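Nothing here was measured: the structure is a model prediction, and the numbers come from that model.
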Amino acid sequence: MRQKGFTLLEVLVTMVIMSIGLLGLAALMASSLRNNHSSYQRTQAAFLAYDIIDRMRVNRIMAVNSSAASNYNVAIGAASASTNLALADVNDWKTALASTLPAGDGSVTVASATGATTVIVQWNDSRGTGGSNAQQIRVDTQL
């Protein structure tokens with residue numbers, strides 16, 4: 001006599017194979033989500049680095065001052081020492097860094113004589129890297 005349909009053992013083997021495949025797919029999705037978030041933060045950091053550069057180009061007189069240090073010079077973890085439009089620009093930029101990126105901070109260094117500018121944006125990418133890992137983007141430009 002011929003039996004039709006599947007046996008219980010065949011169904012259980014199929015379920016085990018499918019669950020292993022679905023677990024692999026879930027791990028792939030989690031990794032993809034983590035990498036996507038890290039990429040988003042890197043994009044935001046680059047956008048914010050170019051934001052302060054654009055602000056400095058608009059206010060070039062205060063950014064490149066041949067008689068004194070640039071009003072835009074600021075270190076990571078420090079506030080601007082300037083008391084003019086440069087102060088407002090740097091404070092707005094630092095606020096945007098802190099609110100957009102986790103532990104976001106930045107520094108600006110301008111060579112007064114040449115206008116060579118270095119902008120560094122730093123943030124904590126622990127979610128994207130799986131640990132407590134500080135990331136940085138450095139942009140060198142000429143004003």
Side-chain angles (χ1 to χ4, degrees), residues 4-143:
K4 294 183 180 179
F6 296 104
T7 65
L8 183 59
L9 183 59
E10 290 171 331
V11 171
L12 288 175
V13 168
T14 303
M15 293 289 286
V16 167
I17 292 171
M18 294 229 1
S19 64
I20 290 171
L22 289 175
L23 283 174
L25 186 61
L28 182 66
M29 289 296 295
S31 174
S32 174
L33 190 63
R34 184 176 55 249
N35 291 335
N36 190 21
H37 184 71
S38 181
S39 175
Y40 171 75
Q41 288 180 342
R42 186 169 297 280
T43 301
Q44 290 299 314
F47 171 76
L48 289 167
Y50 284 105
D51 176 51
I52 193 67
I53 291 169
D54 289 340
R55 289 174 187 240
M56 291 168 64
R57 285 187 175 139
V58 168
N59 193 15
R60 187 164 172 28
I61 294 171
M62 297 303 277
V64 180
N65 186 351
S66 59
S67 64
S70 172
N71 292 306
Y72 281 91
N73 283 345
V74 65
I76 289 178
S80 176
S82 181
T83 58
N84 48 29
L85 180 60
L87 172 68
D89 285 344
V90 170
N91 285 341
D92 289 347
W93 180 63
K94 289 261 193 178
T95 301
L97 286 172
S99 65
T100 304
L101 299 169
D105 203 357
S107 71
V108 177
T109 306
V110 180
S112 297
T114 63
T117 304
T118 301
V119 176
I120 297 175
V121 175
Q122 177 177 299
W123 73 99
N124 183 350
D125 193 19
S126 60
R127 182 175 173 189
T129 58
S132 180
N133 193 6
Q135 296 288 320
Q136 281 188 347
I137 282 187
R138 176 184 170 138
V139 178
D140 294 316
T141 189
Q142 185 75 31
L143 292 181

[X] to [Y] - nearest heavy-atom pair and separation:
| X | Y | answer |
| --- | --- | --- |
| N124 | N133 | OD1-O, 3.6 Å |
| N59 | A86 | ND2-N, 4.0 Å |
| D105 | L97 | C-CD1, 3.5 Å |
| L143 | I53 | CD2-O, 4.3 Å |
| G115 | Q142 | C-NE2, 3.7 Å |

Would you find a donor on one side and an acceptor on the other, under 3.5 Å apart, between the side chain of [X] and the backbone of [Y]?
| X | Y | answer |
| --- | --- | --- |
| S38 | R34 | no |
| T14 | E10 | yes |
| S19 | V16 | yes |
| Q122 | S107 | no |
| D140 | T118 | no |

(request) Quick one: pull up CE in M29 and CG in L22 and give me the separation to the nearest 0.5 Å. (result)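 One finds 12.5 Å between CE of M29 and CG of L22.
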(message) For the OG atom of S39 and the CG atom of N35, what is their distance to the nearest 0.5 Å?
(response) 8.5 Å
Could you tell me if the side chain of [Y] sits less than 4.5 Å from the side chain of [X], heavy atoms only?
| X | Y | result |
| --- | --- | --- |
| I137 | W123 | yes |
| V119 | Y72 | no |
| R57 | T141 | yes |
| Q44 | L101 | yes |
| V108 | R55 | no |

